[in-house]
Number of protein chains: 2
Amino acid sequence: MDITIKQARYFVAAAQTGQVSRAAVDLNVSQSAVTTAIRDLEAHLGVRLFERRSKGIALTETGSRFLPHAEEILAVVQEAVHVVSEQQTNVHGKVRIGMSYTVAGYFAIPLIARVRRRYPGIELELTESARDTIEAAVIQNELDIAIILTSNLKAADFLDHTTLVASQRRLWLPSGHKLAGRGDLPLSVIETEPYILLTVDEAKKTQVRYWEEQNVSPNVTFETSSVEAVRTMVAAGMGITVLSDMVYRPWSLEGQRIETTDISGGVPPMMVGVCWKANTPLEPAAQSVVDFLEQTLVDRRTK
Amino acid sequence: MDITIKQARYFVAAAQTGQVSRAAVDLNVSQSAVTTAIRDLEAHLGVRLFERRSKGIALTETGSRFLPHAEEILAVVQEAVHVVSEQQTNVHGKVRIGMSYTVAGYFAIPLIARVRRRYPGIELELTESARDTIEAAVIQNELDIAIILTSNLKAADFLDHTTLVASQRRLWLPSGHKLAGRGDLPLSVIETEPYILLTVDEAKKTQVRYWEEQNVSPNVTFETSSVEAVRTMVAAGMGITVLSDMVYRPWSLEGQRIETTDISGGVPPMMVGVCWKANTPLEPAAQSVVDFLEQTLVDRRTK
DNA sequence: GATTGATATCAAAAAAACAGATATTGTGTT
DNA sequence: AACACAATATCTGTTTTTTTGATATCAATC
């Protein structure tokens, strides 16, 4: 009548390890328990979640759509269990939070929803806008905190910050591309392959920066501000790109697979963090939010 | 090792009906199944979720904190199951959404999180601000849609809308108040009892409006813009108020109980809806979001 | 075609959930 | 104080589900 939390947990473990047997070891149960849990889950949902391969399993397109939901189930359950053991959080007040667009879309909103449930006494006021605008607003006390990319803070002297996640940048390739599955390619491959450049937020500026540092000039054949467009084009074999794991999904909207490969020679990860006005103590409510975000993200795998 | 979805479902049913036996009937299981599920859940969490009373059960403070989380678990599970059965939603584009503060805090954010998971190809841009500002922005094409109180739209001629929820307004009383448990009191009781007035957003204006319609002049002893402050003051016996179920919680932050009573003679419910520029077809992405919101809210109890 | 490294299947055992009957509890009434 | 009433709690046997451990199967590679 219903899927179970256990099924979700086994599914997530299997998806993350890419192997039923390894997931079983991690979960301290037998391999057959995981296999049957996944089989029952698939039967219940009426879809195939994994492709069975000789080396393990790989998410189907449906499976990769289901994965974030399954993770969300586990997160929500954990949070529900947690909330009752905490003594009442009496913090209240208003916290004004700024987020840049990509961060909001791929990262912050689910966290914000959790903050709201956790601190019912705190009123949150959210704003999405460009990084520069947000930095300025924090400095002018128009925002209390900001969740933004912290790698290249402009007003770094006037802002304190902590990092929430460091999301690895990897090379995105269409499935079956000649470079796929090699691992540890040098960044210079983007000079010979057609390159799709994402221009949203400060993605372009960041990329240009580390190209220059490594003296690489990519062969840009298309620029777009839409992550989905990049995904579609890469999947269609129109080019390759380098983007962070935070925005990576293994399938394009059209259902074609996208692979990733590590890049050797140090492409910096994308740093997302929370920042606030330097040398100014935060209001208790804002401090609670910052603490919660740090704490929540500590035991999260960098994905 | 884990709570189960079934336990969450039974708990929610019991909390909503206020009776284990009634919940059991609704769920088509035996009363003992519900009782043991709740007992196991309480044992697992190590807290008491209900007070057992002769007429049924009532949430403890901890239980009422747990309830929204349990509901969230069920919602997330339902959504996870739903997402795999849908064929791929290819909609993409950008949708700019405006929300007023109260709506964002108590209603919209969890929905927005769901929209994001449901339509990964849609980029959402969120803005919170005052109702007037949002209406203007929609008309000037600076926002695509707005989630706001629709009872008193200012620019109603230029905006189309559909209602998402109608949240009943009820009288809030401290536990043990002489008027508690009576049911169907006339609105005129607020003339004799000290009244706490919420001033956030347009709450004040709305209240004044239906006071005038019914020729009632309340005995306002305190005004505040914080819902939590209202809750605390009512719980502490400093006055009573009339607010919608959307912002109602049975316990104050300090852990004191708040009761509600129906009001006879037609206090209008709070209408929350989504609106967009009249006579202008919505972009497909925005249309999808509107459709999703309507559809999601249809089978939700008006709480 | 044998080996390796993975998943799938099967049957028995263990654990969990359920229904139905009964006990208990708390309120209000007489 | 005893009783009736209306609810929840507990107990027991049964059914269902999950797990395990052993074995079968499959695909790639040597």
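Everything numeric in this text was worked out from a predicted model, so none of it was measured. Reminder, nothing fancy here: chain letters follow the sequence lines and each chain counts from 1.
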Discussion item. What's B:F50 touching, base or sugar-phosphate or nothing? Going by heavy atoms closer than 4.0 Å.
Written reply: nothing
Worksheet, complete the sentence: Between CG of B:L27 and C1' of C:dC18 the distance, given in whole Å, is 13 Å
Response to the item:
In whole angstroms, the gap separating P of D:dA28 from CD of A:E51 amounts to 12 Å
Worksheet entry | For atom CD1 of B:I38 and atom P of D:dT10, their distance in whole Å | 13 Å
Item to complete: Provide, to the nearest angstrom, the distance between the CD atom belonging to A:E42 and the C1' atom belonging to C:dA8.
Response: 12 Å
Worksheet item: What integer distance in Å separates B:I5:CD1 from D:dT17:C1'?
Response: 15 Å
Practice prompt. Check whether any side-chain heavy atom of A:L59 sits under 4.5 Å from a side-chain heavy atom of A:F50, and report yes or no.
Written response: yes
Discussion item. At 4.0 Å (heavy atoms only), tell me whether A:A33 reaches a base, stays on the sugar-phosphate, or touches nothing.
Written reply: base
Fill in: Student check: side-chain heavy atoms of B:V47 and B:F66 closer than 4.5 Å
no
Worksheet item: Within the modelled atom types, does a donor on one side and an acceptor on the other bring the side chain of A:S21 and the base of C:dG5 under 3.5 Å apart?
Response: no
Discussion item. Can you tell me whether the side chain of B:Q31 and the base of D:dA9 have a donor-acceptor pair closer than 3.5 Å?
Written reply: yes
Worksheet item: Taking only side-chain nitrogens and oxygens of B:R39, does any of them come within less than 4.0 Å of OP1 or OP2 of D:dA9?
Response: no
Discussion item. Among A:M270, A:R169, A:Q168, which residue satisfies the side chain to side chain contact (heavy atoms under 4.5 Å, CB included) criterion with A:D245?
Written reply: A:Q168
Worksheet, complete the sentence: Taken to the nearest whole Å, CG/A:D40 to P/C:dC10 is 13 Å
Discussion item. Counting only side-chain nitrogens and oxygens, does A:R22 get under 4.0 Å of the OP1 or OP2 atom of C:dA6?
Written reply: no
Worksheet item: D:dA6 phosphate, OP1 or OP2: any side-chain N/O from B:R53 under 4.0 angstrom?
Response: no
Worksheet item: Does A:K6 place a side-chain N or O at less than 4.0 Å from the phosphate oxygens OP1/OP2 of D:dT19?
Response: yes
Worksheet item: Does A:E72 pair with A:R114 as a salt bridge, N-O distance under 4.0 Å?
Response: yes
Worksheet item: Rounded to the nearest Å, what distance is computed from the OH atom of residue B:Y10 to the C1' atom of nucleotide C:dA19?
Response: 12 Å
